[in-house]
**Q** 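First, the structure itself, so that you have it in front of you.
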Amino acid sequence: MKYNLKEIFRVILAVSMLVAGITHFTSADQYVKIVPPQLPYPLEIVYLSGFYEILGGIGLLVPPVSQATAWGLIALFIAVFPANINMAVNLIPIDNIPNSPWVHVIRLPFQPVLIAWAWLYTQPSDLEKQASIIPKSLIPKKLLRLE
């Protein structure tokens, strides 16, 4: 089956979310550093956001729930933005990311790009071409008509 460009980018976003989510568990200390100090339970927030990133990565590739998942990712991208702002304003060093004001100047505006990227998948897709981790033959036809 040949995928179109929208579906290739769906897979890229899904894999990116999976990887980012996993790093919330493998490098939680790095994320805890950027949680705004006003928020309680920073480690739990990091784990929760990582869980939702993993869930979002999987959900984008499950056709019956992919549109709802995309809306959830938009909410997640908005919810974690204060941590990115905190990191930029306070120049909080994170392993493997250059700690430069210029990096933050470039990085912060990327959040609206992620939101726009996820928004693409809130729109109906061609279900015959939509990337899926579940064989379409196993998805009841009734559920495929939801999008």
Side-chain angles (χ1 to χ4, degrees), residues 1-36 39 43-89 92-147:
M1 178 183 304
K2 183 178 177 188
Y3 292 111
N4 60 28
L5 197 56
K6 179 180 177 184
E7 295 310 311
I8 292 169
F9 279 103
R10 178 192 302 269
V11 172
I12 292 169
L13 180 57
V15 170
S16 298
M17 296 310 302
L18 286 167
V19 170
I22 290 167
T23 65
H24 279 66
F25 293 93
T26 61
S27 300
D29 59 318
Q30 297 301 302
Y31 291 97
V32 166
K33 290 195 277 187
I34 66 171
V35 173
L39 297 177
L43 181 61
E44 290 79 358
I45 289 171
V46 168
Y47 287 154
L48 194 60
S49 61
F51 170 77
Y52 282 115
E53 287 180 357
I54 292 168
L55 199 60
I58 294 168
L60 278 178
L61 299 175
V62 177
V65 298
S66 62
Q67 282 181 290
T69 297
W71 284 112
L73 284 174
I74 290 169
L76 181 65
F77 293 146
I78 292 168
V80 301
F81 194 56
N84 295 337
I85 292 170
N86 185 44
M87 180 180 169
V89 168
I92 299 169
I94 299 295
D95 291 350
N96 303 316
I97 296 178
N99 193 29
S100 158
W102 291 108
V103 170
H104 298 300
V105 166
I106 294 167
R107 190 171 178 270
L108 282 177
F110 192 65
Q111 207 73 10
V113 172
L114 288 171
I115 290 168
W117 192 357
W119 182 83
L120 284 174
Y121 304 107
T122 66
Q123 309 306 303
S125 296
D126 180 345
L127 295 174
E128 292 303 314
K129 294 181 181 175
Q130 183 172 338
S132 177
I133 57 174
I134 301 171
K136 303 262 176 36
S137 61
L138 295 179
I139 302 172
K141 298 287 185 225
K142 182 180 176 182
L143 291 178
L144 284 174
R145 290 190 201 108
L146 290 176
E147 292 194 332

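Keep in mind that this is a model prediction, so the values were computed, not measured. Along the sequence shown, residues carry numbers from 1.
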**Q** Quiz question: by atom type and distance under 3.5 Å, do the side chains of Thr23 and Tyr31 form a donor-acceptor pair?
**A** yes
**Q** Starting at CG of Leu55, measure out to CG of Leu48 and round the result to the nearest 0.5 Å.
**A**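 Going from the CG atom of Leu55 to the CG atom of Leu48 covers 10.5 Å.
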**Q** Within this structure, what is the CD1-CG distance for the pair Ile12 and Leu60, rounded to the nearest 0.5 Å?
**A** 12.5 Å
**Q** For a quick test of reading the model, state the closest non-hydrogen atom pair linking Gly57 to Ala14 and the distance between them.
**A**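 Smallest interatomic distance, heavy atoms only, reads O-CB, 3.2 Å.
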**Q** Mind running side chain to side chain contact (heavy atoms under 4.5 Å, CB included) on Phe110 and Val113 for me, showing each step along the way?
**A** CA-CA 5 Å; Phe110 192 65; Val113 172; 3.7 Å; yes
**Q** Could you state the interatomic distance from CD (Gln111) to CD1 (Ile85), rounded to the nearest 0.5 Å?
**A**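 The CD atom of Gln111 sits 9.0 Å away from the CD1 atom of Ile85.
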**Q** Taking the side chain from Asn86 and the backbone from Ile34, do they hold a donor-acceptor pair closer than 3.5 Å?
**A** yes
**Q** Hey, are the side chains of Ser132 and Ile139 touching, using non-hydrogen atoms and a 4.5 Å cut-off?
**A** yes
**Q** Can you find a pair of side-chain heavy atoms, one from Tyr121 and one from Trp71, that are under 4.5 Å apart?
**A**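 No. Closest side-chain heavy atoms not under 4.5 Å.
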**Q** Just wondering, do Ser66 and Leu61 contact through their side chains at under 4.5 Å, heavy atoms?
**A** no
**Q** Flag the pair Leu18 / Glu53 as yes when at least one side-chain heavy-atom distance between them is below 4.5 Å, and no otherwise.
**A**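 Side chain of Leu18 against side chain of Glu53, heavy atoms only: no contact under 4.5 Å found.
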**Q** To the nearest 0.5 angstrom, please state how far the CD1 atom of Ile58 sits from the OG1 atom of Thr69.
**A** 9.5 Å
**Q** Given side chain to side chain contact (heavy atoms under 4.5 Å, CB included), test Ser125 with Gln67 step by step and report yes or no.
**A** CA-CA 9 Å; Ser125 296; Gln67 282 181 290; over 6 Å; no
**Q** So, do Arg107 and Met87 sit near enough that their side-chain heavy atoms are less than 4.5 Å apart?
**A** yes
**Q** Looking at side-chain heavy atoms only, is the closest gap between Val19 and Val15 below 4.5 Å?
**A** yes
**Q** Side chains of Arg10 and Gln130: does their closest heavy-atom pair fall under 4.5 Å?
**A** yes
**Q** I'd like to know whether CZ of Phe9 has more than 12 heavy-atom contacts from other residues, nucleotides or ligands below 6.0 angstrom.
**A** no
**Q** In Å and rounded to the nearest 0.5 Å, what is the NE2 to CD1 distance from His104 to Ile97?
**A** 8.0 Å
**Q** Within this structure, what is the NZ-CD1 distance for the pair Lys33 and Ile92, rounded to the nearest 0.5 Å?
**A** 8.5 Å
**Q** The test is side chain to side chain contact (heavy atoms under 4.5 Å, CB included); show your working for Ile54 and Phe25 and say whether it passes.
**A** CA-CA 11 Å; Ile54 292 168; Phe25 293 93; 3.9 Å; yes
**Q** What are the two closest heavy atoms between Ile74 and Ala118, and how far apart are they?
**A**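 Looking at all heavy atoms of both residues, the closest pair is CG1-CB, 3.7 Å.
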**Q** Looking at side-chain heavy atoms only, is the closest gap between Leu39 and Ile45 below 4.5 Å?
**A**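 Result yes, sub-4.5 Å side-chain heavy-atom pair found.
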**Q** Please give me the minimum heavy-atom distance between His24 and Ser49, naming the atom from each residue.
**A** CD2-OG, 3.2 Å
**Q** Is there a side chain to side chain contact (heavy atoms under 4.5 Å, CB included) between Asn99 and Ile94 once you walk through the steps?
**A** CA-CA 7 Å; Asn99 193 29; Ile94 299 295; over 6 Å; no
**Q** Take a 6.0 Å sphere around CZ of Phe77 and say whether it holds more than 12 heavy atoms from other residues, nucleotides or ligands.
**A** yes
